Amino acid sequence: LLYTIKFEILMSMRKFMVLHLPTNILITNLALSDLGVGVLVMPFTATSFIQLREYNVLHDLSALCSIVGVFRQMLLCSSTYTMAAISFERFIGVQRPMSYKRIVNKHFAIYAVLIVWIYSIVYSLITVVMP
C-alpha cells in the first residue's frame, strides 16, 4: 500500500504541470528515494539477513552484500539530504518571505536535487572503496 501511494505521488507530479513547483520537485525526489529504499534495499537486506542467519552463507553473498550496501547507503543518504533540502527551503520561506520567490525557484530545486544525488552517489562509493 505504501509503495502504491509513493508511486501515485510520482505519477501525479509528472502528469500535472501545476505541481512543478520547487517544493513539489523536492517532495518528488523524496518519494523516489523512499520508493527505492522500499523496492531495492529492504527486500535484499531482509533476504541476506535471513540467509545469513539460517544457512550461514556469508561467503556466497559477499558481492550481493556490497551492491546492496552501496544502494542502501546511496538511497538513505539521498532521502536524508532531501529532507534537509526541504527543511532549508521551508526555512527560507519563513525567514525571507518577501524574497522567497526570487531565491527559491525551479532551478534552485533542480540544483538541490542534483547536489543531493551526486553527494549520495560519491559518498556511497567512497564507503565501499575505503571501508
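Model, not experiment: these values are computed from the prediction.
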Contacts of Arg90 meeting side chain to side chain donor-acceptor pair (under 3.5 Å) (sequence neighbours excluded), chain-then-number -> Tyr100
Let me check something: do Leu26 and Phe88 share a hydrophobic cluster, defined by ILVMFWY side-chain heavy atoms less than 4.5 Å apart, either directly or through other members?
no
Value rounded to 0.5 Å, distance of OG in Ser120 from CG in Leu125:
10.5 Å
Would a single hydrophobic cluster contain both Leu30 and Ile121, if residues Ile, Leu, Val, Met, Phe, Trp and Tyr are joined by side-chain heavy-atom contacts under 4.5 Å?
yes
From Ile103 atom CD1 to Gln95 atom CD, the distance as rounded to the nearest 0.5 Å
10.5 Å
Grouping I, L, V, M, F, W and Y whenever their side-chain heavy atoms are under 4.5 Å apart, do Ile126 and Ile118 come out in a common cluster?
yes
hydrophobic_cluster_shared for Leu76 and Val113, side chain cutoff 4.5 Å:
yes
Suppose we screen for ring pair (Phe, Tyr, Trp, His ring centres under 6.0 Å). Which residues come up paired with Tyr81, at least two apart in sequence or across chains?
Tyr119
Mind checking whether Phe108 and Ile27 sit in one hydrophobic cluster, side chains of I, L, V, M, F, W, Y counted as touching below 4.5 Å?
no
Qualifying residues under side chain to side chain donor-acceptor pair (under 3.5 Å), relative to Thr80, sequence neighbours excluded:
none
Quick one: list whatever passes side chain to side chain donor-acceptor pair (under 3.5 Å) with Ser78, sequence neighbours left out.
none
Non-neighbouring partners of Leu75 that pass side-chain contact (heavy atoms from CB on, under 4.5 Å), sequence neighbours left out
Val37, Leu40, Val41, Trp117
Output the distance between atom CG (Asn24) and atom NZ (Lys106), rounded to the nearest 0.5 Å.
11.5 Å
If I take atom OG1 from residue Thr28 and atom CG from residue Leu21, how far apart are they, to the nearest 0.5 angstrom?
10.0 Å
Under the side chain to side chain contact (heavy atoms under 4.5 Å, CB included) criterion, do Asn29 and Ile25 qualify, and how do the steps go?
CA-CA 6 Å; Asn29 187 42; Ile25 291 172; 5.9 Å; no
Pairing residues for Ser79 by the side chain to side chain donor-acceptor pair (under 3.5 Å) criterion, not counting sequence neighbours
Asp34
